[in-house]
Protein chains: 2
Amino acid sequence: MNAPGPTISATCSDCPIRHRAVCAQCESDELEQLEEIKYYRSFEAGQTIIWSGDKMGFVGSVVSGIATLTQTMEDGRTQMVGLLLPSDFVGRPGREGAAYDVVATTDIVMCCFRKKPFEDLMVKTPRIAHRLLEMTLDELDAAREWMLVLGRKTAREKIASLLSIIARRDASLNTGGPSGPMVFDLPLTREAMADYLGLTLETVSRQMSALKKDGVIRLEGKRHVTIPDMGRLMEEAGDDSDGGFLV
Amino acid sequence: MNAPGPTISATCSDCPIRHRAVCAQCESDELEQLEEIKYYRSFEAGQTIIWSGDKMGFVGSVVSGIATLTQTMEDGRTQMVGLLLPSDFVGRPGREGAAYDVVATTDIVMCCFRKKPFEDLMVKTPRIAHRLLEMTLDELDAAREWMLVLGRKTAREKIASLLSIIARRDASLNTGGPSGPMVFDLPLTREAMADYLGLTLETVSRQMSALKKDGVIRLEGKRHVTIPDMGRLMEEAGDDSDGGFLV
DNA sequence: AGACCTCTTTGACCCAGATCAATTGGTACA
DNA sequence: TGTACCAATTGATCTGGGTCAAAGAGGTCT
């Protein structure tokens, strides 16, 4: 697909692998070993990184950019089943094939580990295995939280839920706490939002307009969003507990 | 809640823990150690086994009966996020609180391990940790498969999807292969089915009647189901690949 | 500047599934 | 044998979101 990304100069110290993904609590010698089998790859917006059913040669995490996990029915209906933001992990150690398409939504850089050596390392260092279990449990929680969104929320609540997730993730990476207005650029087209939420793009557009009219969000251009009152948004989303869900 | 189940005479040899859950590939001395911290509990139909937010003192797997994982919004809307059939595992090693309610749908017997000793054992025996990672990845796949059902399928397809899951799970436990008609008892009320599928109970009832009228299923009484042609049911479900999804 | 993109918004209409309500059937209990 | 209770069915009507169609709003290329 793509040559190891020579375009970026990232070193492990700015690679999110350090603070959120695999080696969060690793000892330095374990980090060392991860370093040795690490490499970078970059993909352009729109490119499919992994096709469902393909065998995956690597695992890794997102350094910059956005990707999505998508499932498609034969007649073309698609449902996004996961959103990969910087520092999120992709891959199924111990599994052969991919279960869904992974598609780059923006230009994206990934920090990869070849699968075989990674699995070997995992066997030798239980700490990495435990960390992976933890990450997988997080993803499972997020997936189940999302099942509630898909199954029971209205279109307006769905949009609000998605915005609040993106806002929180964005904030935790860039700025300080969630006090005061939050500002971010939507990394998704209306169509991608629709695929995530089980809606049509027209409904997404209408509900965005409605939330704007009601002052819940402010929009400059199509993508630049300001959220004056995060609490208000979360009420709209139907989860009043500021409950920590994580995508 | 309940005393360790003296009502059952199960020994580990008939406990599903052996063939599908934690110790599937364990050595005998590891099994030995699991035996030591194992105990049984039983719950009555309708009883809540664990409340969302409670701290959970145990992990375990279902020996007999059915339980569900359920999420509830403040206004009472509920979404079932998982179905626990015999041999399924519950619990989040390394996590404090439960993320959702676990409710016994029928009378149920569980094979439990106290959490602390189980976690200790997990640290000592990487094989158990790996087995857990595998199980969690399975659950994640199932959850994401279900996201497609919730987000993109019609009511009829949803019902067919649920029936085909239950039929396959049931068959793999009781009879031989999936050839010839399949027969089973629905372990869920129409309301529970609705909560699983993001529908109302009336819609579930109507679609069950429609599938019956069209000869896709046969019904005796309210719960006893015969599926004359499994392939037909799977077409109705919208997944034509006989794809292995596992609840 | 104009032609051509792709993404987005908005309007008009329709329908699958929700809602409200009445009826049926089974079974437990007195 | 009646009444009380629950799960399930079925009917009538309403509505949120889908569908189809037309425009607007930035971009980019020549």
Side-chain angles (χ1 to χ4, degrees), chain A residues 44-46 66 68 73 75-79 103 105-107 149-163 185-214 217-225 236 238, chain B residues 44-46 66 68 73 75-79 105-106 149-163 185-214 217-225 236 238:
Chain A
E44 285 169 29
I66 311 270
T68 61
M73 292 172 68
D75 62 5
R77 282 177 281 177
T78 72
Q79 175 66 50
V103 182
T105 295
T106 63
D107 290 350
V149 173
L150 289 174
R152 291 301 184 196
K153 291 195 179 179
T154 65
R156 175 185 262 243
E157 288 169 334
K158 285 178 173 181
I159 300 282
S161 297
L162 180 55
L163 291 174
D185 284 303
L186 263 181
L188 302 173
T189 64
R190 299 290 186 261
E191 188 180 22
M193 292 172 71
D195 282 342
Y196 203 27
L197 297 167
L199 298 171
T200 59
L201 67 109
E202 293 94 329
T203 299
V204 170
S205 182
R206 273 185 250 274
Q207 295 299 337
M208 289 288 286
S209 299
L211 288 174
K212 178 181 170 186
K213 183 167 68 63
D214 299 344
I217 63 174
R218 227 167 294 137
L219 273 175
E220 280 130 60
K222 277 91 175 54
R223 301 288 194 86
H224 193 76
V225 180
E236 293 282 354
Chain B
E44 285 168 29
I66 311 270
T68 61
M73 292 172 68
D75 63 6
R77 281 177 282 177
T78 71
Q79 175 66 49
T105 296
T106 62
V149 173
L150 290 174
R152 292 300 185 196
K153 290 195 179 179
T154 64
R156 174 185 262 246
E157 289 169 333
K158 284 178 175 182
I159 301 281
S161 297
L162 180 56
L163 291 176
D185 283 303
L186 263 181
L188 301 173
T189 64
R190 300 289 186 262
E191 188 181 22
M193 292 173 70
D195 281 343
Y196 203 29
L197 296 167
L199 298 171
T200 60
L201 67 113
E202 292 95 330
T203 298
V204 170
S205 181
R206 274 185 250 274
Q207 296 298 336
M208 289 287 286
S209 299
L211 287 174
K212 179 181 169 188
K213 185 169 68 63
D214 299 345
I217 63 176
R218 226 167 298 138
L219 271 176
E220 279 130 62
K222 278 90 175 57
R223 299 289 193 87
H224 193 75
V225 180
E236 293 283 352

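The structure displayed is predicted, hence computed values, not measured ones. Chain letters run A, B, ... following the sequence lines, proteins first and then strands; every chain starts at 1.
One atom, CZ of B:R190, and another, P of C:dG26, lie 14 Å apart when rounded to the nearest Å. Nucleotide D:dT9 holds its P atom 15 Å from the NZ atom of B:K213, rounded to whole Å. One interatomic measurement links the two molecules: NE2 of B:H224 to C1' of D:dA8, which rounds to 18 Å at whole-angstrom precision. In this structure, the CG atom of B:D195 is 14 Å from the C1' atom of C:dA18, given to the nearest Å. A straight line from CG of B:D185 to P of D:dA8 spans 12 Å, rounded to a whole angstrom. When the P atom of C:dT9 is taken as reference, atom CE of A:M208 falls 7 Å away, rounded to whole Å. Distance NZ (B:K212) to C1' (D:dT10): 13 Å, rounded to an integer number of Å. To the nearest angstrom, P of D:dA7 lies 9 Å from CZ of B:R223.
No donor-acceptor distance shorter than 3.5 angstrom exists from the side chain of A:D195 to the backbone of A:Q79, with no hydrogens or angles considered. Of the possible polar contacts, one joining the A:S209 side chain to the A:S205 backbone as a donor-acceptor pair under 3.5 Å is found.
In this structure, B:E157 pairs ionically with A:R77, as a charged nitrogen and a carboxylate oxygen lie closer than 4.0 Å. Remark: A:K222 does not engage A:D185 in a salt bridge, criterion side-chain N to carboxylate O under 4.0 Å.
A:S205 comes within 4.0 angstrom of a nucleotide base, judged by non-hydrogen atoms across all strands.
Between B:V204 and B:R190, the shortest heavy-atom contact is CG1-CD, 3.8 Å.
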Readout for nucleotides 12-26 of chain D: B = base within 4.0 Å of protein heavy atom, S = sugar-phosphate only, - = neither; 5' to 3' it is B----SSBB------

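At least one side-chain nitrogen or oxygen of B:S209 sits closer than 4.0 Å to the OP1 or OP2 atom of D:dT10.
Results of the side-chain contact (heavy atoms from CB on, under 4.5 Å) test with A:L186 over A:L162, A:L219, A:V225 single out A:V225 as the only residue that passes.
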